[in-house]
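Single-structure report; data block below.
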2 protein chains.
Amino acid sequence: MTPLPSEAHPAGPATVRRHNRGLVLTAVAGAPASRAAVAAHTGLTRGTVSSLVDDLLADGMLVEREAPRGGRGRPANPLQLNPSGPCGVGVEIGVDDVGACVADLTGTVRAVRRVPSDHRRHDPAHGLRRAADIVRDVVAEAGLPVAGVRVALPGVVTPDGVLQRAPNLPRWQDVGVAELFGSLVEAPVSATNEADLAALAELWDGQALRDMLFVSGGVGVGAGIVLDGRLFHGAGGRAGELGHVVVDPGGRACTCGGTGCLETVAGVTALLRAAGAADVDELVREPGAALDVAADALGVALAGAVNLLDLPAVVLGGVYARLGDALVERVGAALRARVLARPPVRVLRAAVARDAALRGAAIGVVRELVGAP
Amino acid sequence: MTPLPSEAHPAGPATVRRHNRGLVLTAVAGAPASRAAVAAHTGLTRGTVSSLVDDLLADGMLVEREAPRGGRGRPANPLQLNPSGPCGVGVEIGVDDVGACVADLTGTVRAVRRVPSDHRRHDPAHGLRRAADIVRDVVAEAGLPVAGVRVALPGVVTPDGVLQRAPNLPRWQDVGVAELFGSLVEAPVSATNEADLAALAELWDGQALRDMLFVSGGVGVGAGIVLDGRLFHGAGGRAGELGHVVVDPGGRACTCGGTGCLETVAGVTALLRAAGAADVDELVREPGAALDVAADALGVALAGAVNLLDLPAVVLGGVYARLGDALVERVGAALRARVLARPPVRVLRAAVARDAALRGAAIGVVRELVGAP
DNA sequence: CTCCTTTTGTTCGACGTCCGAACTAATAGG
DNA sequence: CCTATTAGTTCGGACGTCGAACAAAAGGAG
């Protein structure tokens with residue numbers, strides 16, 4: 001029997017405390033609850049909850065509201081996540097702009113800003129300085145202490161925050177974004193793939209599906225895989241490459257070296273060609289044949305993924321969301337014809353339209369804070 | 001922000017103890033180690049390790065070997081998993097036989113037995129009684145205390161051990177195998193899909209790949225997905241349905257309702273037809289055109305899965321393993337042509353040939369024991 | 001042979017955490 | 001005004017880890 005080479009850490013009283021702090025915070029995250037309610041919900045003693053809450057109040061993670069109306073007995077003191085507590089900052093490096101956004105502990109966005117920045121002409125250091133500038137702006141606007149910063153990047157990102165490869169950002173090869181940006185803003189910085197964060201935004205801010213495939217249609221076709229309420233990154237951080245699933249083995253050659261990849265049939269450039277449209281706005285107005293083409297291809301590609309992972313739902317985002325319910329309907333039909341699961345797969349349109357990755361990044365920081373502070 | 005409806009349990013001193021017990025056991029699982037070595041490896045204090053080891057010795061999980069040879073200083077007392085400690089029992093319900101097997105704490109198989117049993121003619125209760133009989137036999141032969149029993153089933157199994165649907169066992173619909181079998185043998189019983197357990201056997205007993213797709217070729221084509229050293233079941237326990245990935249959209253109709261599924265091209269019956277063979281033995285001797293057909297179809301289907309999940313390795317089992325290295329070579333080539341990952345995907349032949357599911361079931365029980373007893 | 005060094009394993013007090021139960025606080029209803 | 005009810009706090013006990021001191025068992029130097 002081969003050993004697990006896992007690097008597990010020893011547990012002690014501090015581990016327990018952290019775990020239970022997280023329990024209390026997640027119990028309060030949904031709706032305000034009293035200490036007694038938290039105790040009943042988590043299984044902890046009222047005494048223990050009191051002690052934990054004292055800590056959390058001192059740390060500014062919780063606040064006590066005054067709403068002493070109710071039935072018999074001593075009125076309860078509802079606790080809630082402190083809207084003025086530590087916040088998460090999301091940053092997005094787009095192809096020709098940068099954005100930043102602040103989310104408070106409750107997950108509501110308190111400030112957003114986006115400015116143009118041509119990353120094809122300038123080098124990464126320049127782009128990151130621009131980003132740091134608007135981070136300062138939004139943080140000043142929100143006026144909250146910063147717990148952490150997360151950067152959304154359009155490419156392959158390693159767990160330690162290095163952008164390895166970005167198809168549309170040729171100058172950003174092997175850039176240690178987390179480290180570089182950490183020296184520009186005084187806060188812990190992490191970095192993640194942009195499509196993955198958009199999927200998380202959909203999970204947290206949109207429809208709460210613990211297991212889903214979030215398909216982001218653009219020039220490429222990416223997917224964020226959410227399993228059991230958590231994002232799945234894959235062994236090398238590259239999971240979600242849906243664009244190169246083969247949907248037409250004899251079809252057009254793809255940049256990846258294969259033929260008939262989903263991207264060559266249902267990517268934005270292919271859809272523009274199918275619709276005879278000049279730009280995305282025109283495509284959305286008069287999709288024509290593009291709708292059928294995209295639906296068929298997506299049906300084939302998604303069926304494989306859904307069968308393989310036994311996913312109960314698929315969410316269409318990016319261009320696909322803009323193409324409207326007609327596409328959702330057709331993809332759903334194509335999918336149900338090929339998938340055997342009962343109950344049948346649900347196909348939905350993305351609910352978080354604007355700044356999905358940005359919101360996902362900012363909320364992700366506070367979610368981590370609430371989960372295990 | 002939507003709350004996580006997770007049912008997390010409170011932590012206490014007992015939780016810590018359990019966790020650290022697991023740490024000690026996994027530390028000695030690879031090679032025997034002294035208390036001091038365990039302390040250094042896990043980060044626990046020597047004192048704490050001593051206390052934990054005392055417990056584990058008393059429980060019969062560990063034994064102290066005598067090998068006091070070495071350099072300076074007081075000689076170390078090597079500890080190892082107790083080969084006479086609690087064991088795991090694996091049971092397999094095949095189409096026309098039942099099997100049972102005992103694995104000790106170190107993961108070595110101590111007894112195996114397999115007898116014919118026609119599950120198409122007799123009902124589940126009869127089959128389970130046969131299984132219980134040979135469980136008694138192998139347990140008597142091994143002479144070890146039984147920690148748990150795991151049943152491998154050829155179909156969809158829910159987390160609580162109910163066999164929902166088994167294509168080749170029409171009488172076994174919605175059978176609560178775990179519960180029924182639990183009343184026949186006095187030990188905790190769980191049940192899992194047979195292909196999944198074969199994948200785990202490959203993980204533990206064969207090549208130790210923390211992330212892989214194990215493809216099991218039979219009448220259907222199933223897959224066990226191993227992510228980060230653990231099996232991925234999916235939201236509904238049905239993950240791994242590789243057989244109905246579409247590899248030829250215009251192809252033959254499949255029982256699932258779709259067309260051109262992998263199963264219709266690279267399943268056993270399709271391969272027999274392609275090779276013009278009467279049975280599997282003949283197919284293995286003279287595969288002919290079947291080799292190319294299978295390799296192409298697997299290449300297309302696996303490329304999608306590998307891209308989607310960013311898997312570093314694929315292991316071919318079942319009939320595919322019997323078809324030899326020629327198939328492995330061709331699938332590898334087809335796959336590398338379509339997958340962009342670096343380093344390239346590895347394609348391997350299954351190392352655990354006989355009784356894979358049986359071994360996976362038995363070893364799975366003891367692995368769980370060692371992980372968090 | 002004796003003493004010193006080195007490494008292993010044990011013992012003991014201090015600290016942190018949770019639990020259970022008793023106690024105080026605050027409200028509604030009779 | 002008194003009682004029942006619910007909320008929150010306080011305190012001792014139990015459990016577990018840590019750190020340091022201590023005992024044990026070898027090899028090597030003089």
Side-chain angles (χ1 to χ4, degrees), chain A residues 8-25 27-28 31-59 62-80 372-373, chain B residues 8-25 27-28 31-59 62-80 372-373:
Chain A
H9 292 230
T15 317
V16 172
R17 191 73 171 172
R18 226 187 359 263
H19 178 98
N20 289 339
R21 270 172 71 112
L23 244 53
V24 171
L25 287 173
V28 178
S34 68
R35 293 168 175 76
V38 170
H41 184 263
T42 59
L44 293 161
T45 315
R46 290 207 307 271
T48 304
V49 171
S50 265
S51 157
L52 288 162
V53 166
D54 285 347
D55 279 14
L56 292 168
L57 287 172
D59 291 359
L62 289 181
V63 284
E64 209 157 5
R65 288 210 329 181
E66 298 176 22
R69 288 308 80 172
R72 274 224 284 259
R74 171 174 169 176
N77 296 9
L79 299 160
Q80 67 176 183
Chain B
H9 292 236
T15 318
V16 172
R17 191 72 170 174
R18 221 181 11 256
H19 177 98
N20 289 338
R21 272 172 71 112
L23 244 54
V24 171
L25 287 173
V28 292
S34 68
R35 291 168 175 76
V38 170
H41 184 264
T42 58
L44 293 162
T45 316
R46 291 206 306 272
T48 305
V49 172
S50 265
S51 158
L52 288 162
V53 166
D54 285 349
D55 278 16
L56 292 168
L57 287 172
D59 291 359
L62 289 180
V63 284
E64 208 156 6
R65 287 211 329 180
E66 299 177 22
R69 286 310 76 172
R72 273 223 285 257
R74 172 174 169 175
N77 295 9
L79 300 160
Q80 66 177 184

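- Between B:Leu23 atom CG and D:dC18 atom P there is a gap of 10 Å when expressed in whole angstrom units.
- Checked by distance alone, A:Arg72 brings no side-chain donor or acceptor within 3.5 Å of a matching partner on the base of C:dA28.
- The CZ atom of A:Arg21 sits 15 Å away from the P atom of C:dG16 (whole-angstrom rounding).
- Residues A:Gly47 and B:Gly73 each lie close to DNA chain D; by heavy-atom proximity, the contact nearer the 5' end of the strand is made by A:Gly47.
- Distance check: A:Arg65 CZ to A:Asn77 CG gives 11.5 Å after rounding to the nearest 0.5 Å.
- Considering only side-chain N and O atoms, A:Asn77 lies nowhere under 4.0 angstrom from the phosphate OP1 or OP2 of D:dA7.
- C:dC18 atom C1' lies 15 Å from atom CG of A:Asp54, rounded to whole Å.
- Side chain B:Arg74 to base C:dT8: a donor-acceptor pair is found below 3.5 Å.
- Side-chain nitrogen and oxygen atoms of A:Ser50 include at least one within less than 4.0 Å of the OP1 or OP2 phosphate oxygen of D:dT9.
- Distance B:Glu66 CD to C:dT8 P: 18 Å, rounded to the nearest Å.
- For the atom pair B:Asp55 CG and B:Ser50 OG, the distance stands at 11.0 Å (nearest 0.5 Å).
- Using a 4.5 Å heavy-atom threshold, the side chains of A:Leu52 and A:Leu44 count as touching.
- Formation of a donor-acceptor pair under 3.5 Å by the A:Asn20 side chain with backbone atoms of B:Ala11 is found in this model.
- At a threshold of 4.5 Å between non-hydrogen side-chain atoms, the residues B:Pro13 and A:Val16 do not count as touching.
- The phosphate of C:dG16 has neither OP1 nor OP2 within less than 4.0 Å of any side-chain N or O from A:Arg17.
- Residue side chain A:Arg35 does not reach the base of D:dG8 through any donor-acceptor N/O pair under 3.5 Å, judged by distance alone.
- Going from atom OG1 of B:Thr42 over to atom CG of B:Leu25 covers 11.5 Å, rounded to the nearest 0.5 Å.
- In this structure, A:Asp55 atom CG and C:dG16 atom P are separated by 12 Å, rounded to whole Å.
- For the side-chain contact (heavy atoms from CB on, under 4.5 Å) with B:Thr15, the lone residue among B:Arg18, B:His19, B:Arg17 that qualifies is B:Arg18.
- Checking B:Ala36 against A:Gly43, the closest nucleotide of DNA chain C that is more toward the 5' end is the one next to B:Ala36.
- Computed from coordinates, the B:Arg46 CZ to C:dT6 P distance equals 15 Å when rounded to whole Å.
- Residue A:Thr48 places none of its side-chain N or O atoms closer than 4.0 Å to OP1 or OP2 of C:dC18.
- The separation between A:His9 atom NE2 and D:dT17 atom C1' is 17 Å, rounded to whole Å.
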Between the protein and nucleotides 1-3 of chain C, which nitrogen or oxygen pairs come in under 3.5 angstrom?
none

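- Residue A:Asn20 has no polar side-chain atom (N or O) positioned under 4.0 Å from OP1 or OP2 of C:dT17.
- Atoms CD and OG, from A:Glu64 and A:Ser34 in turn, are 10.0 Å apart once rounded to the nearest 0.5 Å.
- Note on B:Ser34: only backbone sugar-phosphate atoms sit closer than 4.0 angstrom, heavy atoms only; bases stay farther off.
- The nearest whole Å value for the distance from the CG atom in B:Leu79 to the P atom in C:dT8 is 13 Å.
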